[in-house]
Amino acid sequence: MACPRARRLGRLARALVAHVWQGLVALGTIHVAGETARAGGARVLDAPPPGHPECLRPDLPLTALERTLLEELGPPH
């Protein structure tokens, strides 16, 4: 018959392995599917979310730096 200490150690090892496994599954999901898998799907961002300090101003022309960055990044996919 196994001693109580060995049983406790076995339960601890199983619990540890279960937590490590769950962490690896979560990491793999994020790595393969990206953050959108957690959010329930991708959404198109054409403007910052409500309450965001940054706002888009289509009535203002781009600055020289913004034009340079836009040229370096290329067209959106």
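Note that the coordinates shown come from a computational prediction; the quantities given were computed from them, not determined experimentally.
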Connected hydrophobic set around Val20, excluding itself, where side chains approach under 4.5 Å: Leu16, Leu24

Rounded to the nearest 0.5 Å, what separates atom CG in Leu9 from atom CZ in Arg5? 7.5 Å

Which donor-acceptor pairs under 3.5 Å do the side chains of residues 64-72 make with protein atoms, sequence neighbours left out?
unit_1 : atom_1 : unit_2 : atom_2 : d
Glu66  : OE1    : Thr63  : N      : 2.8
Glu66  : OE1    : Thr63  : OG1    : 3.4
Arg67  : NH1    : Leu62  : O      : 2.6
Thr68  : OG1    : Ala64  : O      : 2.9

